[in-house]
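Only one structure is covered here, and it is reproduced in the block below.
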Protein chains: 2
Amino acid sequence: MTKLLVRISEQSRQFSETEKKISDYILNHAELIPNMTTKELATKADVSEASVTRFVKKIGVGSFKTFKITLAKEMAVKESFITDFSILQKKDTPYEMFQKVVHVNKNAIDMTMESLDKKELEAAVEAIKGAKKLVFYGVGGSAIAAQDAVVKFAKLGFEVEFNMDFHYMLSRIPYLNENDVFIAISMSGKTKDVLDMMHVAKSYGAKIIAITNLDKSPLYKKADIRLATPTVEADFRIASIASRMTQLTVIDTLYVSIFNQIGERMLDKFHAARDHVIRLRR
Amino acid sequence: MTKLLVRISEQSRQFSETEKKISDYILNHAELIPNMTTKELATKADVSEASVTRFVKKIGVGSFKTFKITLAKEMAVKESFITDFSILQKKDTPYEMFQKVVHVNKNAIDMTMESLDKKELEAAVEAIKGAKKLVFYGVGGSAIAAQDAVVKFAKLGFEVEFNMDFHYMLSRIPYLNENDVFIAISMSGKTKDVLDMMHVAKSYGAKIIAITNLDKSPLYKKADIRLATPTVEADFRIASIASRMTQLTVIDTLYVSIFNQIGERMLDKFHAARDHVIRLRR
DNA sequence: TCGTTATATGAAATTTTATTTCGTGAATTT
DNA sequence: AAATTCACGAAATAAAATTTCATATAACGA
């Protein structure tokens, strides 16, 4: 805890009921305070605005504004004590939601650093670099990552394919061969459609890269190369958003790595494409 | 120097005389800023208050208050070691790339905290909550965010629409009315297709929410509600990946906020849908 | 016990701070 | 040269913080 917060909790036994309500809220939601107004804090703590301004004076801070700035500074230093962001409260305002989303997403991306294996990543980059055709497949939330991958790798000149439709996608698999790569994306690694598609692709000799949770799922076991995403344990309402960030981070890494290695020889085409877009679209 | 100050000094050559006066004062007296008011800074820099508030927007920060808090936080952190992650080296290994991607993405999400305005966010949530129909539109990289939004809001029971095809999408717009919301997504805020579509939607009375860079772009100016994303200045190879993260963070926030507010009354349907998926798909 | 005084609190008024609007003049384009 | 765009500050407005004031309740003394 920061000095200011310590001071508050030390003094708390001399507080009146109203003051205690305020200090409770502050101690439990310290990181939100710098972006709040007296009115908001008053509402949250169920006291009047006047009591809030009086409170900060009581704990020896000149004004509410100073209080906010001081708190922001102190909290910046010691970072990481985030009061249970995993539980979304019914009464949370959109801005609080925003702060939680930011936290959850940053955290998810951080966790990817722990799950993704260096060697597997290198193998994946090699495989894609040498590939003629790339097929991505994912359903539901993972379709977004697949979609994103298509946009990116198409720009690099790859023959890329992805379609949400299982049957259409299936009809394209027989054209794959040993030179091609099939990238399966699934959080759980158990999604039937993805597994089925993967088996067919494998039977045609395509190399299988799985972007899936670090877990002994069917997809994880059967893939040639495993790019593991972390299992982000959280409230079910935000579980999918965090995991999508991890998938995208993996895709981004593949894209940037490939770009870096083969980019030079197609930089003019890349720029040409971008120029066309700018000229025609704005 | 902190990130924010670096950003200011980098941009300083595009500044007008008035803006330069402000940036000079800020760069020379950074530690004083968090405790100053717009009027004080205006007096010190010998400009008007209006110019001060406009200045912070120009450098990509949503409000003067946010600016002060951000600066206070940054200055509290000693010597923020700025390993230059922006420049990708030819010799970088995939794993080094990965670390940079992680850094860039986390950073992009952080910057969104500076650009997104609390009030606009609240207005957006209100608008969407009261809407019957939602239409998302974005092209290129921004299409991913639109796609993602569709998946999310469909789950909440909204009538949602998005299609990459301009002409198809256009044919759907006449069915919009005052009760509906059109969400335009564009980094630059200049994309012709998006602007055209927005104008048509507006003519039918739909409320316009823009998810676009904090900048005086046509889209930014014409929208009813502006959810500003930061201008992530970086290597062109990674610019798009970072900006997409910011868009998704905004979408996530909308989704979680709406869920929280209207979620209860449809929780059973939400779970039912999820159960169907689990039963049929795995 | 009753009246008096001190204390805590919120509502409302006031002051301060931030943002937006509007008009002017300079610069740029047509 | 006319028209348009742009930057800017003054003034209006909106929002946020603080103070004032009235009231209720607790504490105290007769």
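Proteins come first, then strands; the chains are lettered A, B, ... in the order of their sequence lines, and each starts at number 1.
- The side chain of A:Thr37 sits closest to D:dA16 out of C:dT17, D:dA16, C:dG10.
- Ring pair B:Phe153/B:Phe136: centre-to-centre distance below 6.0 Å.
- Rounded to a whole Å, the CZ atom of B:Arg54 is 9 Å from the P atom of D:dA7.
- Position along DNA chain D of the nearest nucleotide to B:Lys119 versus B:Asp46 favours B:Asp46 as the more 5'-ward residue.
- Ring planes of B:Phe259 and B:Tyr255: perpendicular class, angle over 60° (limits at 30 and 60°).
- One interatomic measurement links the two molecules: NZ of A:Lys57 to C1' of C:dT9, which rounds to 16 Å at whole-angstrom precision.
- The phosphate of D:dC8 has OP1 or OP2 within less than 4.0 Å of a side-chain N or O from B:Thr18.
- Within 4.0 Å of B:Val47, counting heavy atoms only, lie sugar-phosphate atoms of the nucleic acid but no base atom.
- The residue A:Lys58 sits apart from the nucleic acid: no heavy atom pair falls under 4.0 Å.
- Of all the heavy atoms in B:Phe162 and B:Gly138, the pair that sits closest is CE1-O, 3.6 Å.
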Derivation and outcome, side chain to side chain contact (heavy atoms under 4.5 Å, CB included), residues B:Phe158 and B:Ile262: CA-CA 11 Å; B:Phe158 282 93; B:Ile262 70 167; 3.9 Å; yes
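- Comparing A:Ala50 and B:Glu49 by the nucleotide of DNA chain C that holds the closest heavy atom to each, the one mapping nearer the 5' end is A:Ala50.
- One can place CG of B:Asn35 at 16 Å from C1' of C:dT16, the figure rounded to the nearest angstrom.
- For A:Lys39 and C:dA18, the NZ to C1' distance is 15 Å, given to the nearest whole Å.
- One interatomic measurement links the two molecules: CZ of B:Phe64 to C1' of D:dA16, which rounds to 14 Å at whole-angstrom precision.
- For B:Lys20 and D:dC8, the NZ to C1' distance is 17 Å, given to the nearest whole Å.
- For A:Ser16 and C:dT9, the shortest distance from a side-chain N or O to OP1 or OP2 is below 4.0 Å.
- Protein atom CD of B:Glu19 is 10 Å distant from nucleotide atom C1' of D:dC8, rounded to whole Å.
- Among the heavy atoms of the strands lying under 4.0 Å from B:Lys68 are primed sugar atoms or P, OP1, OP2 only; no base atom is included.
- Projected onto DNA chain D by closest heavy-atom contact, B:Lys21 and B:Lys65 fall at different nucleotides, the more 5' of which corresponds to B:Lys21.
- Listed pair B:Thr38 / C:dT19 fails the phosphate criterion, with no side-chain N or O lying under 4.0 Å from OP1 or OP2.
- Here the closest non-hydrogen pair linking B:Ala72 and A:Lys73 is O-CG, 3.4 Å.
- To the nearest angstrom, P of C:dT9 lies 9 Å from CD of A:Glu17.
- Using a 4.0 Å cut-off, no side-chain N or O of A:Ser48 falls inside it from OP1 or OP2 of C:dA11.
- For C:dT20, neither phosphate oxygen OP1 nor OP2 lies less than 4.0 angstrom from any side-chain nitrogen or oxygen of B:Thr53.
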